[in-house]
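Accompanying notes for the structure given below.
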Amino acid sequence: MTDFRVVVIGAGMAGLLAGIKLKAMGIDNFSIYEKADRIGGTWRENTYPGLTCDVPSHHYTYSFERNPDWTRHLPPGPEIQAYFERCCDHYRLRQSIRFNAEITRAQWQDGRWRLTLANGETDDADVVIAATGVLHHPSTPAIPGMADFAGALFHTARWDHSVALDGRVGVIGMGSTGVQIISALAGVSCQLSHFVRTPQWIMPVHNGYYSEEERARFRADPAALEAYMDVVTYHRNVENYTLGITQPDSPGAQYFRQACFDNLESIEDEALREALRPDHEPMCKRLVFSPDYYQKIQHPQARLVRADIERIEPAGIRTVDGELHELDVIALATGFRADQFVRPMQVLGANGASLDRLWAQRPVAYLAVSMPGFPNFFMLNGPNGPVGNYSLIDIAEHQWGYIQQLLERVRDQGPLCATAQALEDFDRERIAAAKTTIWYTGGCQSWYLDAEGVPASWPWNYSRFVAEMKTPKWNHFGVES
Ligand code: N01
């Protein structure tokens, strides 16, 4: 095929990766469609105070483009966004990105994809790579009276920077986001209230600074940076973490469990300690890492509120114990709808197959990458892939290695997608494994669970994922057009 064309949807971490790798393959006939006016995905949309990634900075980069300039051990959100902006320039991707261009429909017809944009324009491609992200659609709770609040109220992924934070601020939610915001605002807001329905376990973590000397050394000597990173140990830690999820009695699980228990015991105030004691196993929800939440919530101007929220009133939040918590600002750190993936985009495959219909109950994909009936439609960070306390960049790179082999075969031999049998077998095995993970057995609700209460994330260890991504099992792929 001489005019082989690829369309990538989304210019976040994964879409940029696809662009870089397509160029490296010599495929220049591609476009990246981005519905926003800037690259960055998650790191563009989240700008809340304290925004940090809990993956060690130097491991939160593309493996082929290290960043010697991280200022902290855990990367601050604005530095991550700046890193991706630099990558976008360095790999000359901007000319291939169409901003403010939302694809609303993709339809497989006559052996190619026909893409329709929100403004009615169309484009055609041989292959579509969906890089639309996982935690992208804010989950906004239906709390009675929300519309009546007289102050400022917003979801954390829609932070309103015009709003002053030195007044009375309420934060709803104790996932990674809520915890980071409390740490950032303690002592800034004259009164900071943390509304916590379900306390989470907190894994202690150090978040120091890199000195200018260290950064200069990493800049001058990439080998010193690689040595410092110790990739082998990092991957061993990731493996142990994933073993902790899949084998709750493993040493890894015991390590994390004990560290969380000890951390909670560091709170001397018994009432506060008990108010923050989770009712589920550590690692059941995605583990929250924080260097200082337990200290910050004890700041004289901060307060933990464990009473459930009854409603929001013009003056603040009324809890079920009758107390009115008067507030100027309410931040909803209430998480994301992790079941949407490419939706609301309409994706129509061969013979009228509709992704929305197939995913009505729960989204699935063969190895998180391909769907039967959807030839040449491949996903980065699609359903049932690994999302946990490790770098999604690393995960996306492994997935790209797999997709690249699919692309090469498509280019040489024509359309392909996973067979229905391959998906069925994979999903049966996946669900059986999912029910043995700590996400299922640990006694908690979380965004890992699908509508049927089954963990949707990759239920095996990291090394199995890496092994699966090495080479496609070609007998699991077929042609349906
Ligand atoms: O969201 P969450 P998040 N009334 O879903 C509460 C990634 N991330 O934005 O547990 C009261 O974890 C809900 O309570 P409960 C990371 O993957 C990464 O914090 O359902 N409370 C819970 O406490 C993370 O896991 C980084 O009882 C309500 C909270 O809101 C994912 O994003 C940083 C409520 C939601 O927690 C999501 O984290 C930040 C209601 N009606 C985020 N509804 C990194 O560092 C919900 N809640 C990489």
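Both counts, for ligands and for their atoms, begin at 1 and track the order of listing. Please read these numbers as outputs of a predicted model, since none were measured by experiment. Start at 1 with the first residue, then count along the sequence.
- With hydrogens left out, the protein atom closest to atom 37 (C) of ligand 1 is Trp447 NE1, 3.6 Å, a heavy atom.
- You'll find the side chain of Phe195 reaches within 4.5 Å of the side chain of His325, heavy atoms only.
- Contacts between Tyr48 and ligand 1 below 4.0 angstrom, taking non-hydrogen atoms only, involve the side chain exclusively.
- Under 4.0 angstrom from ligand 1, the non-hydrogen atoms of Phe336 all belong to its side chain.
- Near Gln180, with a cut-off below 4.0 Å to any heavy atom, the atoms of ligand 1 are 33 (C), 45 (O).
- Protein heavy atom in closest approach to atom 20 (O) of ligand 1: Arg197 NH2, 2.9 Å.
- For ligand 1, the atoms lying closer than 4.0 Å to a non-hydrogen atom of Thr52 are 33 (C), 44 (C), 45 (O).
- Backbone and side-chain nitrogen or oxygen atoms of Asp54 are examined, and one is located within less than 3.5 angstrom of a nitrogen or oxygen of ligand 1.
- Using cut-offs of 30° and 60° on the angle between ring planes, the pair Trp159 and Tyr48 is tilted.
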Q) After noting the C-alpha distance and the side-chain angles of Tyr62 and Phe84, does the key distance pass the ring pair (Phe, Tyr, Trp, His ring centres under 6.0 Å) rule? A) CA-CA 10 Å; Tyr62 299 124; Phe84 286 123; 5.7 Å; yes
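- Near Leu135, the atoms of ligand 1 lying under 4.0 angstrom from a non-hydrogen atom of the residue are 7 (C), 17 (O), 31 (C), 32 (O).
- Heavy atoms from both the backbone and the side chain of Thr334 come within less than 4.0 Å of ligand 1.
- Protein heavy atom at the shortest distance from atom 41 (N) of ligand 1 is Pro141 CB, 3.3 Å.
- Taking a 4.0 Å cut-off on heavy atoms, Trp43 fails to register as neighbouring ligand 1.
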Q: Please assess Cys190 against Arg168 for the test side chain to side chain contact (heavy atoms under 4.5 Å, CB included), listing each intermediate value before the final yes or no.
A: CA-CA 6 Å; Cys190 72; Arg168 299 162 302 175; 4.2 Å; yes
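- For the pair Phe154/Val329, a side-chain contact is recorded, criterion being any heavy-atom separation below 4.5 Å from C-beta on.
- At a 3.5 angstrom cut-off on N or O pairs, Ala333 counts as close to ligand 1.
- Checked against a 3.5 angstrom limit, the closest N/O atoms of Met174 and ligand 1 fall inside it.
- Here is the list of ligand 1 atoms found below 4.0 Å of a heavy atom in Gly173: 6 (C), 23 (O), 29 (C), 30 (O).
- Of the candidates Gln445, Met146, Lys285, the one placing a heavy atom closest to atom 10 (O) of ligand 1 is Lys285.
- Using a 4.5 Å heavy-atom cutoff, the side chains of Val55 and Asp394 are not in contact.
- Closest heavy-atom approach to atom 38 (O) of ligand 1 among the candidates Leu392, Leu332, Thr177, Ile172: Thr177.
- The proximity of Ser176 to ligand 1, defined as any non-hydrogen pair under 4.0 Å, involves the side chain as well as the backbone.
- Neither the backbone nor the side chain of Val196 comes within contact range of ligand 1; no heavy atom lies under 4.0 Å.
- Counting only heavy atoms of the protein, atom 1 (O) of ligand 1 lies nearest to Gly335 CA, 3.1 Å.
- Closest heavy-atom approach to atom 36 (O) of ligand 1 among the candidates Gly175, Ala338, Cys53: Gly175.
- The shortest distance between side-chain heavy atoms of Gln191 and Arg303 does not fall below 4.5 Å.
- Open room surrounds CD on Gln445; 12 or fewer heavy atoms of other groups in view lie less than 6.0 Å from it.
- Between His58 and Tyr210, the ring planes lie perpendicular to each other; the angle is over 60°, past the 30° to 60° tilted range.
- A donor-acceptor pair under 3.5 Å is absent between the side-chain atoms of Asp450 and the main chain of Ala456, judged by distance alone.
- With respect to atom 15 (P) of ligand 1, the closest heavy atom belonging to the protein is Thr198 OG1, 3.5 Å.
- Side-chain contact check for Tyr60 versus Asp54: every heavy-atom pair is 4.5 Å or farther apart.
- Near Arg286, with a cut-off below 4.0 Å to any heavy atom, the atoms of ligand 1 are 16 (C), 17 (O), 24 (C), 25 (O), 48 (C).
- Using cut-offs of 30° and 60° for the angle between ring planes, the Tyr462 and His235 rings count as parallel.
- Taking a 6.0 Å sphere around CZ of Arg318, one finds it holds more than 12 heavy atoms contributed by other residues, nucleotides or ligands.
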